[in-house]
Amino acid sequence: MRVTTKGQVTIPKQIRDHLGIGPGSEVKFVATDEGARLVAINENLSKEEASRRFRKTLASMAGTLDLKGMDADEYVEWLRGPREHLDLD
């Protein structure tokens, strides 16, 4: 994105849609070590809209984690990794 002479930028439609940014929405830029982060201020977001977005986000993640046939306990054990060096007694 290019910054205009007035210091303005256009937020891409995909990002606006994802964050629920529309005309009159408030956003802020937060400085980070990596640069800056855009934060949408969704104070007026209804519970129904927040719930819809959450469900949409969860649905978009479905099937993205392949546990290679492990059940939850096996997966947690795999995540923890070897622990022989720990004194667990």
Side-chain angles (χ1 to χ4, degrees):
M1 313 295 345
R2 282 197 201 275
V3 178
T4 69
T5 56
K6 292 183 177 183
Q8 299 170 330
V9 295
T10 299
I11 303 168
K13 183 175 182 345
Q14 182 181 15
I15 301 297
R16 293 191 317 262
D17 290 348
H18 178 73
L19 296 176
I21 298 171
S25 293
E26 291 186 41
V27 298
K28 67 180 177 178
F29 291 91
V30 179
T32 68
D33 290 339
E34 294 80 27
R37 182 169 52 104
L38 171 70
V39 178
I41 311 298
N42 292 318
E43 297 166 349
N44 298 322
L45 197 61
S46 70
K47 287 184 180 181
E48 293 80 17
E49 178 62 14
S51 178
R52 184 193 69 76
R53 287 189 194 167
F54 184 70
R55 286 191 312 274
K56 182 179 175 185
T57 300
L58 285 179
S60 73
M61 294 187 293
T64 61
L65 180 61
D66 181 3
L67 298 180
K68 309 279 189 231
M70 292 182 273
D71 65 22
D73 291 334
E74 292 168 327
Y75 182 67
V76 169
E77 193 64 27
W78 176 81
L79 282 174
R80 289 179 178 162
R83 293 178 289 164
E84 293 83 23
H85 66 286
L86 299 175
D87 183 17
L88 300 175
D89 294 327

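FYI, side chains are in, hydrogens and waters are out, and symmetry mates aren't considered; it's all heavy atoms of this structure.
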**Message:** Restricting to non-hydrogen atoms, name the atom on Ser25 and the atom on Gly20 that form the minimum distance, rounded to 0.1 Å.
**Reply:** OG-O, 3.8 Å
**Request:** Might you point out which heavy atoms bring Arg53 and His18 nearest each other, and give the distance in Å?
**Result:** CD-O, 4.5 Å
**Message:** Give me each pair satisfying ring-ring contact (aromatic ring centres under 6.0 Å, His included) with a member in residues 56-75, each pair once, sequence neighbours excluded.
**Reply:** Tyr75-Trp78
Cut-off 3.5 Å, no hydrogens considered: what does the side-chain donor-acceptor table look like for residues 5-16, sequence neighbours left out?
residue : atom : partner : partner atom : Å
Lys13   : NZ   : Asp17   : OD1          : 3.3
Lys13   : NZ   : Asp17   : OD2          : 2.7
Arg16   : NH1  : Ile11   : O            : 2.5

Distance-only criterion, 3.5 Å: show the donor-acceptor pairs between side-chain atoms of residues 29-40 and protein atoms not counting sequence neighbours.
residue : atom : partner : partner atom : Å
Thr32   : OG1  : Glu34   : N            : 3.2
Thr32   : OG1  : Gly35   : N            : 3.1

**Asked** Does a side-chain heavy-atom distance below 4.5 Å link Arg52 with Arg55?
**Response** yes
Distance-only criterion, 3.5 Å: show the donor-acceptor pairs between side-chain atoms of residues 60-71 and protein atoms not counting sequence neighbours.
residue : atom : partner : partner atom : Å
Ser60   : OG   : Thr57   : O            : 2.6
Thr64   : OG1  : Met61   : O            : 2.6
Asp66   : OD1  : Lys68   : N            : 2.9
Asp66   : OD2  : Lys68   : NZ           : 3.1
Asp71   : OD1  : Asp73   : N            : 3.1
Asp71   : OD1  : Glu74   : N            : 2.8

**side-chain contact (heavy atoms from CB on, under 4.5 Å) involving Arg2 - partner list, sequence neighbours excluded** = none
